[in-house]
Amino acid sequence: MASLSKIDNRPQYVRMADVLTDRIRSGCYPVDSLLPTEAELCLEFATSRHTVREALRLLTNSGLISRRQGSGSRVLCRSEEALYVHALGNFTDVLREVSETRFTANIIEEVDTRVFSCPFMKLPERRKWLRITGVRSDASSNRALCFSMMFINATMRDVVESAPEGTDLSLTVSDALGDSVNEIQQEISVVPVPQEVATSVDLDPGNLTVQFLRRCTDVNGEMLVGSANFYPVDRFSYGMNVKREV
């Protein structure tokens, strides 16, 4: 039975999380292995299921483990990873955000807005678009950050289809658009995670997710490309610098 220091005045679930974190760091629980079940941890630490769940929540928030109902707690990495901080001040920051992450496409399909609708993206009517869905990951750790959905004007099909296999299509499209993007519109909201998104980012349907919408338009206000990213709430932070014009 594991013992927790009685001299430490912090809550029991915090001390328990520290013990489990040390075990993960030391390799006692290897990456991609499962932690003991909640029942086993309750028995080992002589504590309640509520305390165990709070300790596991801390490990989840730090990025060490992922949890899925019925599948247990799986070790993702051996050290805590920082939240993805989305900091924007100008077009350069937007491009930097794309370069610091990597988008892996899973589905590419053509949709026609005469028969297809996407309320949150507000696609122009009577147009054909390429709908590309996949997962955006941290470029350095390869950790899944969010489920991503892009809508690209179907006239750019050749650009997408000619990209080498394994290419980050968001970078390909960004390069192809060049200086034609005149304005970038963004909207952030917290919504229940869609069914399509849940399994990609290890969430249960109904959990809350940060919905980050972006529309790139030309000088006439016509949308060139739009994207919707769905982040687990513990993997997203937003920062912005605003300077007074002189």
Side-chain angles (χ1 to χ4, degrees), residues 84 86-140 142-189 191 193-201 209-231 236 238 240:
Y84 176 61
H86 195 109
L88 300 177
N90 50 41
F91 273 29
T92 301
D93 288 338
V94 174
L95 297 177
R96 176 181 56 76
E97 175 260 330
V98 173
S99 67
E100 290 181 351
T101 61
R102 179 172 180 79
F103 174 67
T104 303
N106 296 325
I107 299 175
I108 303 176
E109 60 182 351
E110 184 174 283
V111 297
D112 190 326
T113 53
R114 288 175 296 185
V115 294
F116 174 87
S117 65
C118 184
F120 56 79
M121 187 51 63
K122 300 177 182 178
L123 296 172
E125 297 180 357
R126 306 182 69 82
R127 298 275 186 86
K128 291 184 178 180
W129 297 84
L130 292 181
R131 178 180 181 268
I132 304 174
T133 62
V135 175
R136 185 169 294 281
S137 305
D138 182 90
S140 58
N142 205 37
R143 181 194 183 199
L145 295 171
C146 68
F147 177 90
S148 188
M149 182 187 306
M150 290 194 298
F151 290 92
I152 305 167
N153 196 301
T155 57
M156 298 185 67
R157 173 181 286 276
D158 289 344
V159 173
V160 174
E161 292 182 344
S162 63
E165 185 176 354
T167 297
D168 185 331
L169 292 178
S170 62
L171 288 175
T172 300
V173 171
S174 178
D175 291 341
L177 290 174
D179 295 332
S180 59
V181 176
N182 180 66
E183 183 178 358
I184 298 175
Q185 304 161 357
Q186 298 188 149
E187 179 183 335
I188 303 173
S189 56
V191 300
V193 61
Q195 179 68 45
E196 181 182 13
V197 176
T199 55
S200 298
V201 289
T209 182
V210 177
Q211 176 183 269
F212 191 104
L213 304 180
R214 176 180 293 160
R215 300 174 79 252
C216 300
T217 60
D218 61 17
V219 291
N220 299 314
E222 293 288 329
M223 191 177 93
L224 299 171
V225 60
S227 65
N229 292 330
F230 297 88
Y231 292 84
F236 182 87
Y238 183 84
M240 182 171 60

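Below, all heavy atoms of this structure are taken into account, side chains as well, without hydrogens, waters or symmetry copies.
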Are [X] and [Y] side-chain neighbours, meaning at least one heavy-atom pair lies under 4.5 Å?
| X | Y | value |
| --- | --- | --- |
| T172 | V160 | no |
| M156 | L130 | no |
| W129 | T113 | yes |
| F151 | R127 | no |
| L169 | I108 | yes |
| L123 | F116 | yes |

Residue pair S180 / L224: nearest heavy atoms and the distance that separates them = O-CD1, 3.6 Å
Between V159 and A176, the two heavy atoms sitting closest are CG1-CB, 3.8 Å
With sequence neighbours excluded, residues passing side chain to side chain contact (heavy atoms under 4.5 Å, CB included) with N220 = D218, E222
Excluding sequence neighbours, so at least two apart, what forms side chain to side chain contact (heavy atoms under 4.5 Å, CB included) with S227?
-> M150, R214
Distance check, rounded to the nearest 0.5 Å: [X] atom [atom1] versus [Y] atom [atom2]?
| X | Y | atom1 | atom2 | answer |
| --- | --- | --- | --- | --- |
| T133 | E109 | OG1 | CD | 7.0 Å |
| F147 | T209 | CZ | OG1 | 10.5 Å |
| I184 | T217 | CD1 | OG1 | 8.5 Å |

Pairs satisfying side-chain hydrogen bond (donor to acceptor under 3.5 Å, both in side chains), at least one member in residues 148-157, at least two apart = E110-R157, S148-N229, N153-T155, R157-E161
Relative to each other, are the rings of Y231 and F212 parallel, tilted or perpendicular (30° and 60° limits)?
-> perpendicular
Tell me, please, which residues at least two apart from [X] pass salt bridge (charged side-chain N to carboxylate O under 4.0 Å, His left out).
| X | answer |
| --- | --- |
| E187 | none |
| R215 | none |
| D112 | R114 |

From the list S189, P194, C146, side-chain contact (heavy atoms from CB on, under 4.5 Å) with Q211 holds only for S189
